[in-house]
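Each remark here refers to the structure printed beneath this line.
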Amino acid sequence: MDDFKETILQGRLILSIGTKHSGKSYFMLQYLKYAMKNNLYEKYILVLPSYQFEENDSYQFIDTKDKNIFVFTEYSPIILEQFMQSQKKKKFKTLIVIDDASGEAIFNVDNEMKKFVTSI
């Protein structure tokens with residue numbers, strides 16, 4: 001976990017790929033809790049398709065009333081486009097989490113994602 005924290009705090013992209021039920025989302029949630037508890041970022045952009053349907057309240061720690069936390073239940077290229085536009089005006093230290101996005105095949109069709117991944 002310490003290596004992961006160091007890598008992500010340096011502003012690097014972390015791409016987690018694994019089989020279903022291999023712990024990717026669990027690991028991401030643990031880091032997200034840690035980051036929010038320790039105020040590591042100014043903004044949080046979270047794409048969490050299962051946010052509304054989570055049975056065991058895994059996301060209860062997320063304060064959706066916080067104006068710096070943005071939760072989306074569906075990925076759209078507009079999310080990254082708006083983020084990249086806002087960063088041109090003022091750079092905020094931002095954590096972007098896109099969980100369970102493989103079903104949407106975003107890497108095959110989404111130019112905003114390609115631009116985002118190759119520009120950071």
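Reckoned from all heavy atoms, side chains included, excluding hydrogens, waters and symmetry mates. Every value quoted in this text rests on a predicted model; they were computed, and no experiment measured them.
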Problem - OH (Y26) with more than 12 external heavy atoms under 6.0 Å - result: no

Practice task
Give, for atom CD1 of I69 and atom OH of Y41, the distance between the pair rounded to the nearest 0.5 Å.
Solution key: 13.5 Å

Problem - CA sep, side-chain torsions, deciding dist, call: M36, D66, side-chain contact (heavy atoms from CB on, under 4.5 Å) - result: CA-CA 11 Å; M36 288 180 168; D66 186 323; over 6 Å; no

Practice task
Evaluate side-chain contact (heavy atoms from CB on, under 4.5 Å) for F61 paired with L32, printing each intermediate quantity in order.
Solution key: CA-CA 9 Å; F61 67 94; L32 187 56; 3.9 Å; yes

Handout entry: K43 side, atom NZ; K67 side, atom NZ - distance, nearest 0.5 Å
Key = 8.0 Å

Problem - Smallest separation among heavy atoms of K91 and E42, with atom names - result: O-OE1, 4.3 Å

Problem - Within one Ile-Leu-Val-Met-Phe-Trp-Tyr cluster: F92 and L80, side-chain cutoff 4.5 Å - result: no

Practice task
From the options L48, I79, I78, select the one residue that forms a side-chain contact (heavy atoms from CB on, under 4.5 Å) with F72.
Solution key: I79

Practice task
Find the distance between CG (N38) and NZ (K33) and round it off to the nearest 0.5 Å.
Solution key: 13.5 Å

Exercise for the section: Using the rule that two of Ile, Leu, Val, Met, Phe, Trp, Tyr join whenever any of their side-chain heavy atoms come within less than 4.5 Å, decide whether Y34 and L29 are in one cluster. Expected result: yes

Fill in the blank from the handout: CD1 of I98 to CG of L46, rounded to nearest 0.5 Å, is 10.0 Å

Handout entry: Approximate separation, where rounding is to 0.5 Å, of Q85 CD and E81 CD
Key = 6.5 Å

Exercise for the section: Determine yes or no for a side-chain-to-main-chain donor-acceptor pair under 3.5 angstrom, with Y44 supplying the side chain and A35 the backbone. Expected result: yes

Practice task
Starting from the C-alpha separation in whole Å, work towards a yes-or-no answer on side-chain contact (heavy atoms from CB on, under 4.5 Å) for L95 and L40.
Solution key: CA-CA 9 Å; L95 177 65; L40 299 183; over 6 Å; no

